[in-house]
Amino acid sequence: MYRRATSGVRSASARLSSSLSRIASSETASVSAPSASSLRNQTNRSKSFSSALRSFRVCSASTRWSHGGSWGSPASLRAQARNSTPVMEKFERKYATMASEHSYKDILTSLPKPGGGEYGKYYSLPALNDPRIDKLPFSVRILLESAIRNCDNYQVTKDDVEKILDWENTSTKQVEIAFKPARVILQDFTGVPVLVDLASMRDAVKNLGSDPSKINPLVPVDLVVDHSIQVDFARSEDAAQKNLELEFKRNKERFTFLKWGSTAFQNMLVVPPGSGIVHQVNLEYLGRVVFNSKGFLYPDSVVGTDSHTTMIDGLGVAGWGVGGIEAEAAMLGQPMSMVLPGVVGFKLDGKLKEGVTATDLVLTVTQILRKHGVVGKFVEFYGEGMSELSLADRATIANMSPEYGATMGFFPVDHVTLEYLKLTGRSDETVSMIESYLRANNMFVDYNEPQQERAYTSYLQLDLGHVEPCISGPKRPHDRVPLKDMKADWHACLDNPVGFKGFAVPKEKQEEVVKFSYNGQPAEIKHGSVVIAAITSCTNTSNPSVMIGAALVAKKASDLGLKVKPWVKTSLAPGSRVVEKYLDRSGLRESLTKQGFEIVGYGCTTCIGNSGNLDPEVASAIEGTDIIPAAVLSGNRNFEGRVHPQTRANYLASPPLVVAYALAGTVDIDFEKEPIGTRSDGKSVYLRDVWPSNEEVAQVVQYSVLPSMFKSSYETITEGNPLWNELSAPSSTLYSWDPNSTYIHEPPYFKNMTANPPGPREVKDAYCLLNFGDSVTTDHISPAGNIQKTSPAAKFLMDRGVISEDFNSYGSRRGNDEVMARGTFANIRIVNKLLKGEVGPNTVHIPTGEKLSVFDAASKYKTAEQDTIILAGAEYGSGSSRDWAAKGPLLLGVKAVIAKSFERIHRSNLAGMGIIPLCFKAGEDAETLGLTGHERYTVHLPTKVSDIRPGQDVTVTTDSGKSFVCTLRFDTEVELAYYDHGGILPYVIRSLSAK
């Protein structure tokens, strides 16, 4: 089932020294597939980092942008170009020699320009003359091109190319391939810990007697600072500026650190705060679609440290989320080892009905794909219905790939893509080059021509005409509720037992009303009362149709005399500055403002939990009651405890519906039969009275959204703002750690690190730290939102003089391991079976029976040198691609996680941190095996990594006499090599330092 390459693991450490001695010219370029002639005939892929340095290519900084010469080149970009010039000069001197040695040099082809001359050279898939290519999904063709281009018969072999060519047969066999993305993208919540790791790795390399400057990105890296903004101020004209100022005040240490990183590391661009949301900036500006690097053409591809990196798939760019530790390795030249995925073909027919939005479509698609089962797979969309979907609609669907469980939701490039590229300011010459290359390499879909039938692992079909208005919630994105059924569903949730669709509110308490005074006026809150209404998130703010639709609903409501109640916390957080420009041109921004939807900032807010505090009078009214207030947001995540600690019901909806629910003031409403408000003359106003037609929306979008808006917004994006420009950052290769900092702290991973790998660690007589059921998310494991005043993290901060008003969020403190270890499993909604149904961030210390915070219990186990494990149900680690959901448990002393199933990225993160992921056998779990979590567990793994196989059976025994067999979820030989070294980062450090 798995490719066996034990020699790669057995001798990885031994090879490091000899192979690293051959990296005199490690700075090679990303546009060809260099291969030292002495290595060409090797058949085993090296697991050493040295080969990555030889064969991982770096793009010219001068070609970072796909926008052509009409766009200004920022000063910071020019500095990067200077920094990487020696790299490119070395590449250019050696290019001809390397190309002549390439295994596929015979298919290196020129791409002519229509008017004469050539765009450059590329590896031609049609020139292989292999009929299997025509049946490959487009997403797999991108993997194929990458393997061909990077094939050096050392890291990427001809065997890898053959596996991809034979995808129809190999995709069902869990075969492993190496993949090298063209670039890496980060946001600041995940980007800060990445830079902390890189800075710490430089120290470790220096301590091992090597050159710290070896730790440097070898591919373009973009870091967009977008996750630190919080909605502290709302419903005021100056809310955005006040929030920005407070953002800088809270995050000065972090931002100074990021500014240091932007100059200390080459080939890295930092987009300052206040510019937009990373995925929308990626879609509108950073996405290249096709790279043209020094006259060499290849498809854009990207991995990012945010699970919604998949939004770029709507542009025809292969991209997905990975853990930060994987991203760090990719930056530093380590190829990504991945299992060749199956591809689900999703055919779209027809067109959306009147009044149905792209949000309704994506929530429908999410439910369908979740039911079908697409974890670890690509989903590729095709069919006649594609012509009815705008690029923004496609991006909305691609954005929510993590919610339906797929690695990618891919839309191949077609005419709609090209029109979007022009709309967003890419030059005509660039768009012409992209189209020419993709057509020549059989990667372009022209629906005006007969379609070659492609092979897919499985097939789905949806008539767009069957999609109906809907929302999702109250606790999961894939729990879709048709709008017409919402009132009944809400009452069912009140009745149902506590769970994803239940709150267990007794019948006699379901009509409970809490009365309070708001600014001297009488007010009341009931079950389902909307207290947060947020137009937020890249999922929807990137789509002009739904944004204009929301503004039209607000205008029509205002014209009829309706107004959102003042205690509802309304906010508008666009994903780019372009949104403000087209709302202004349309004249509709004022209508949103009248309903309280003032712009509060340009970044990821309510969707990530940065919703800010509720008004004190509202918060006090909720506090101490059993009332279940609601939040309605145009985001992609609504897990319990994520949006706001006091909103136990959270619904995902289109921006127009966010406005509608804000006007109604409750989710307990049937929009068909009940009014959303009353006119001044006493007449009822229904949703249909304020809902715009599709034609109305289209006309406003056509008039309001212009290419010049994108150009003016992005040509100065790296110039920042006065607050950013005033920051003073050190200029040094090594970072000077401040031991008193509560934001940036040197992590302990590499302290006392030896030159030789430690090998597998025995897990014997381990205690169970936590015993979970199904669907424990990374938000449960490592929350990103508020730091509770009674938490271990809060105590740590207060002991260091930080007052509660300055706690900030867990997400903003990910650069400090001491805070984050204390924040691990600190979600207030966590349910641990050891506590017999009690909700909260606590556990039982088994030896003493004490109920303690998870951190305090883990500390006791560590002090006593006692190992711990975690028991879990299905979908463990679903949600955001959050490094700290693996780093935190490691620091707590967790050695293994035994679950029914894992979310893809989280399993990879656990493996990358050296934690053993184990799966119960089908039909078994802790409950069926009679495990209570009070036992002590021994994992019987071989003590030599050469004796371990990916996916092998592993016996686990307990001190109570029970024995059961699990599947080892180290899925590749590369992951076993990481485990041998104690994780991927120690592996890379030893590789670099072994010279």
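Computed over heavy atoms, backbone and side chain alike; hydrogens, waters and symmetry mates excluded. Quick note: residue numbers are just sequence positions, from 1.
N786 has its side chain within reach of P645: a pair of non-hydrogen atoms, C-beta onward, lies under 4.5 Å apart. With contacts defined as side-chain heavy-atom distances shorter than 4.5 Å, the pair F257/V196 qualifies. At least one side-chain heavy atom of Y582 sits less than 4.5 Å from a side-chain heavy atom of M547. W320 has its side chain within reach of M338: a pair of non-hydrogen atoms, C-beta onward, lies under 4.5 Å apart. When side chains are defined from C-beta on, E247 counts as touching F255, because their heavy atoms get closer than 4.5 Å.
Among all heavy-atom pairs drawn from D226 and G276, the shortest one is CB-O, 3.1 Å. Taking both residues in full, the closest heavy atoms of T541 and G575 are given as OG1-N, 3.0 Å, listed atom of the first, atom of the second, then distance. Scanning all heavy atoms of the two residues, the minimum distance from D188 to L258 falls at CB-CD1, 4.2 Å. Contact record, M820 with T824: O-OG1, 2.8 Å, taken as the closest heavy-atom pair. Here the shortest heavy-atom pairing between N909 and R882 reads ND2-O, 3.8 Å. Closest heavy-atom contact between P181 and V303: CG-CG2, 3.9 Å.
A donor-acceptor contact under 3.5 angstrom links the side chains of T570 and R235, judged on distance only. Counted by atom type alone, T605 and T536 present one or more donor-acceptor pairs between their side chains at under 3.5 Å. A donor atom on one side chain and an acceptor atom on the other are found under 3.5 Å apart for N282 and R183. Defined by atom type and a distance below 3.5 Å, a donor-acceptor pair is present between the side-chain atoms of H745 and D817. Side chain to side chain, R814 and T190 fail the donor-acceptor criterion of an N or O pair below 3.5 Å. Using modelled atom types, one finds no donor on one side chain facing an acceptor on the other under 3.5 Å when comparing N827 with R642.
Distance check, rounded to the nearest 0.5 Å: OG1 of T310 to NE2 of H279 gives 7.5 Å. Going from atom CD of Q230 over to atom CZ of R250 covers 4.5 Å, rounded to the nearest 0.5 Å.
Remark: the backbone N or O of A534 is not paired with any side-chain donor or acceptor of K569 at under 3.5 angstrom. Side-chain atoms of T778 never come within 3.5 Å of backbone atoms of I781 as a donor-acceptor pair (strictly under, hydrogens ignored).
Judged by the 6.0 Å and 45° rule, R202 forms a cation-pi pair with F265.
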